[in-house]
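This is a predicted model, so every value here is computed, not measured.
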Amino acid sequence: MTRREFMSLLGSAALVWPLAARAQQSKVARIGALYIGLADAESFKNELQEGLRELGYVEGQNIAFEFLSAEGKLDRLPELAAELVRLKADVIVALYVPCALAAKQATRDIPIVIIAADPVETGIVPSLARPSGNITGVSLMSAASTAKNVELFRDMLPSIRRVGVLGNAANPVYAKAMLDEVLLAGGPTGIEIQPVVMVREPDELESAFTTLVRERADALVVQGDLGIKPVADMAIKYRLPAASTTRAFADIGGLMSFGADGPASVRHGAKFVQRILQGRQPNDLPIEQPTKFELAINLKTARAIDVAIPETFLLRANTLLE
């Protein structure tokens, strides 16, 4: 090859490489996000967007989001998950068990990043270390956190003898996993776990709370995906100390919440999205468990239901809400 031919080839390559680089940079990753539409929906959206922005993904430049909410209606999730498949999302992020199961049913090809409770116990994956298939993400360990609320009630209010459970009949897979953990927690604490009341629609809440009070529940643990304002309001109306696993429950008026730090878990999930966009396969990414948990207490609610919380217990809280 002559020097002239070499320089001509080099010049051609110099033209091609920037074009290829620009083409690669202009690729916009489409992220589909599926969520139920509870009190923490806005936090989920904000933390996912911010988490990916910190990793170098700017909306409108190299990433686009499709946020689909079931608006509290779990029976809409299969349709919404199928819509994300039709939109050809590069990655689907699924918040909570019902969304994870709907996404799993909708596609075996598109990578799914879950941020959900107890994925092995609820049948989302066979193993945390080896999730297999197209699923990876973060386990919120919510069933164990719900059980921890029983222990926290014992420490907060030593006079408690009976703790009721409010479960979601529309989400029976997780409801069973949660109830199993709560029943186990009852033994060591000496607390009776009764009654267990299942609801499907908000208009069933009045009857549910009437049952809880009639059967002399001293406190109530609420399934995480029922951590909605009507439940918090009803607990105040019936002067029943109530706890759940999502921080949003305390924010909207529940007495207490204990569970994985929700915003931190979503940002952790964003890192899985990044790894997949960089070429990693979901089945090579073990599902990780949270390392940060948060106890929040709503002092305004405590006053409203006339619950005196010992100072020593308040010192354990990460957040006190006025």
Side-chain angles (χ1 to χ4, degrees), residues 30-49 51-52 65-125 128 131 133-143 145-146 167-178 200 223-228 244-249 259-260 262-263 265-270 272-273 276 282 287-288 290:
R30 185 181 294 272
I31 308 302
L34 185 62
Y35 59 104
I36 297 171
L38 301 177
D40 52 357
E42 286 305 311
S43 172
F44 166 62
K45 293 168 66 175
N46 293 338
E47 296 297 337
L48 182 61
Q49 290 172 315
L52 284 165
F65 293 94
E66 296 286 348
F67 286 102
L68 297 187
S69 168
E71 299 177 344
K73 298 178 176 62
L74 299 188
D75 58 359
R76 292 192 59 206
L77 290 173
E79 163 202 343
L80 296 175
E83 176 65 14
L84 291 177
V85 174
R86 285 193 293 272
L87 290 171
K88 298 182 179 179
D90 295 295
V91 181
I92 294 174
V93 181
L95 181 66
Y96 300 151
V97 170
C99 297
L101 290 172
K104 178 181 179 179
Q105 186 65 32
T107 179
R108 305 289 181 183
D109 301 315
I110 297 174
I112 299 170
V113 172
I114 64 166
I115 305 164
D118 313 284
V120 175
E121 291 82 352
T122 54
I124 299 169
V125 296
L128 296 182
N134 59 327
I135 299 175
T136 187
V138 181
S139 167
L140 294 175
M141 299 175 63
S142 298
S145 297
T146 307
N168 189 352
N171 183 9
V173 176
Y174 173 65
K176 182 182 182 306
M178 180 268 298
R200 186 175 292 274
Q223 184 168 324
D225 56 5
L226 284 177
I228 54 177
S244 191
T245 56
T246 61
R247 162 62 188 274
F249 184 67
S265 297
V266 174
R267 291 197 181 214
H268 197 166
F272 283 87
V273 175
I276 290 168
I287 290 177
E288 298 179 11

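In this structure the side chain of E83 reaches within 4.5 angstrom of the side chain of L87, judged on heavy atoms. Under the 4.5 Å side-chain criterion, counting only non-hydrogen atoms from C-beta, V113 is in contact with V91. Between F44 and Q49 there is no side-chain heavy-atom pair separated by less than 4.5 Å. Contact annotation: the side chain of V97 approaches that of L101 to within less than 4.5 Å [non-hydrogen atoms, C-beta and beyond]. With contacts defined as side-chain heavy-atom distances shorter than 4.5 Å, the pair I36/L95 does not qualify. No side-chain heavy atom of S244 sits less than 4.5 Å from a side-chain heavy atom of L226. Contact check for S43 versus V266: no side-chain heavy atoms found under the 4.5 Å cut-off. Between F67 and Y35, some side-chain heavy-atom pair lies under the 4.5 Å cut-off.
Looking at residues two or more places apart in sequence or on another chain, you find a side-chain contact (heavy atoms from CB on, under 4.5 Å) between P119 and I114, I124, V125, L128, S139, I287.
Rounding to the nearest 0.5 Å gives a distance of 7.5 Å between CG of L48 and CD1 of I31. Note: N171 CG to K176 NZ = 13.5 Å, rounded to the nearest 0.5 Å.
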Problem - Trace of the side-chain contact (heavy atoms from CB on, under 4.5 Å) decision for I115 with L140 - result: CA-CA 7 Å; I115 305 164; L140 294 175; 3.9 Å; yes
Handout entry: Test side-chain contact (heavy atoms from CB on, under 4.5 Å) applied to E288 and H268, step by step
Key = CA-CA 9 Å; E288 298 179 11; H268 197 166; 2.6 Å; yes
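The two residues G224 and Y174 make their nearest non-hydrogen contact at N-CE2, 4.4 Å. Minimum heavy-atom separation, G137 to F272: O-CZ, 3.4 Å. Here the shortest heavy-atom pairing between A70 and L77 reads CB-CD2, 3.6 Å.
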